[in-house]
Number of protein chains: 2
Amino acid sequence: MSKRKVERLNLLKFMPFRLNRLAAEFSNALAMEYMARFGIDIPEWRVLATLGLHDAPRSAQYVVRCTRTHKSRISRAVGSLVTLGYVARAEAMDDRREVMLELTPKGRAVYAELVPLLLKREEAILSCLSTEERAQLDHLMDKLEKSFDLVQCGD
Amino acid sequence: MSKRKVERLNLLKFMPFRLNRLAAEFSNALAMEYMARFGIDIPEWRVLATLGLHDAPRSAQYVVRCTRTHKSRISRAVGSLVTLGYVARAEAMDDRREVMLELTPKGRAVYAELVPLLLKREEAILSCLSTEERAQLDHLMDKLEKSFDLVQCGD
DNA sequence: CCTTGACTGTTGCAGTTGCAACTGTATAAC
DNA sequence: GTTATACAGTTGCAACTGCAACAGTCAAGG
């Protein structure tokens with residue numbers, strides 16, 4: 001066997017590994033906030049965030065597209081949120097296959113309380129970056145997302 | 001109840017969400033490479049990568065620290081890799097609690113074949129960024145990692 | 001009307017993960 | 001030597017996840 005030098009790879013400089021670590025740390029730092037306060041996890045938060053952004057009801061399918069989360073996960077998250085009284089399900093009148101989802105007043109209250117907390121926490125974490133660096137980060141993420149063909153959620 | 005304007009949050013601009021998506025896409029794009037070829041998953045790849053970086057055996061604990069992965073996950077990943085014949089376990093002579101881990105010749109061969117593939121794939125994904133942008137990305141990740149107190153793996 | 005194919009959302013199942021409890025070993029105090 | 005504490009690694013268990021199968025609905029074509 002040849003003794004040719006083997007190419008090495010430093011995990012700590014390997015982008016998928018770094019992204020995974022960073023994403024996990026970031027999520028955990030924020031998850032503590034909402035999980036503890038309102039008993040919801042990340043998929044549930046995604047549903048809440050999607051519905052909270054709009055005033056009119058949206059279908060589960062819409063949430064799936066916006067959050068790029070598997071429909072079974074969304075289905076179960078919606079189930080939990082309904083049990084918690086944060087979300088209401090209703091049949092769509094035009095297409096009875098769809099389930100229209102809407103925040104309840106209680107859900108809206110949670111959303112209104114949660115969003116400032118999360119934005120503040122995000123802000124705290126990003127505070128290690130200058131304004132210019134944050135713009136760079138945003139720009140770089142945009143480019144990478146587009147390159148993965150992660151198309152924005154068409155409204 | 002007051003009708004004060006509720007602060008909204010666009011998930012698609014929310015950093016933990018974006019990081020999670022990006023990390024998942026990135027990992028999946030690469031996982032296909034090694035999972036298909038050698039029947040290993042991400043935790044197993046991390047063990048392989050850590051051991052492959054060094055020529056001398058390392059303890060499982062060392063792998064845990066380097067990969068920032070839970071010890072139970074590492075334990076099971078090592079189990080699979082031993083079954084596959086990629087890794088060999090040996091007791092440490094100085095501290096019999098430790099399990100020293102080492103790549104077998106077969107494991108080294110897999111490592112040598114895998115690394116160039118993965119680096120090439122990473123390169124392809126990052127090719128949407130200019131040289132300067134890549135330097136920016138590296139710099140930003142460094143800063144964020146440090147801010148999370150993600151200390152480098154002390155050798 | 002009836003059939004076919006596509007689509008929405010739910011659920012059973014199997015695989016994976018993290019936590020906590022456990023075994024065995026080392027180290028320190030007495 | 002004995003006890004107590006700390007540490008390395010393994011494993012049982014419960015929770016979570018994705019996939020695939022499923023039920024119900026819609027739309028097109030005959």
Checklist entry - Is it the case that A:Arg58 places NZ or CZ above or below the six-membered ring of A:Tyr62, under 6.0 angstrom from the centre and within 45 degrees of the axis? => result yes

Next on the checklist: Measuring to OP1 and OP2 of D:dA8, would you say a side-chain N or O of B:Arg65 lies under 4.0 angstrom away?
Outcome noted: no

Next on the checklist: Rounded at 0.5 Å granularity, tell me how far CZ in B:Arg76 sits from CG in B:Leu81.
Outcome noted: 14.0 Å

Checklist entry - In terms of side-chain heavy atoms, does A:Gln136 have a donor or acceptor partner in B:His139 at a distance below 3.5 Å? => result no

Checklist entry - Is B:Arg46 salt-bridged to B:Asp41, going by a charged N under 4.0 Å from an acidic O? => result no

Checklist entry - Just how far, in rounded Å, is C1' of C:dG15 from CD1 of B:Ile42? => result 15 Å

Item to check | Interatomic distance, B:Phe148 atom CZ to A:Phe26 atom CZ [nearest 0.5 angstrom] | outcome: 5.0 Å

Checklist outcome for this item: Per-nt protein contacts along nucleotides 16-26 of chain D (heavy atom under 4.0 Å; B base, S backbone sugar-phosphate only, - none) come out as -SBB----BBS

Checklist outcome for this item: Among C:dT8, D:dT10, C:dT11, the one nearest any side-chain atom of B:Arg89 is D:dT10

Next on the checklist: Just N and O in the side chain of B:Gln61: are any of them under 4.0 Å from OP1 or OP2 of D:dG9?
Outcome noted: yes

Checklist entry - Would you call A:Lys143 and A:Asp138 a salt bridge, using N to O less than 4.0 angstrom? => result no

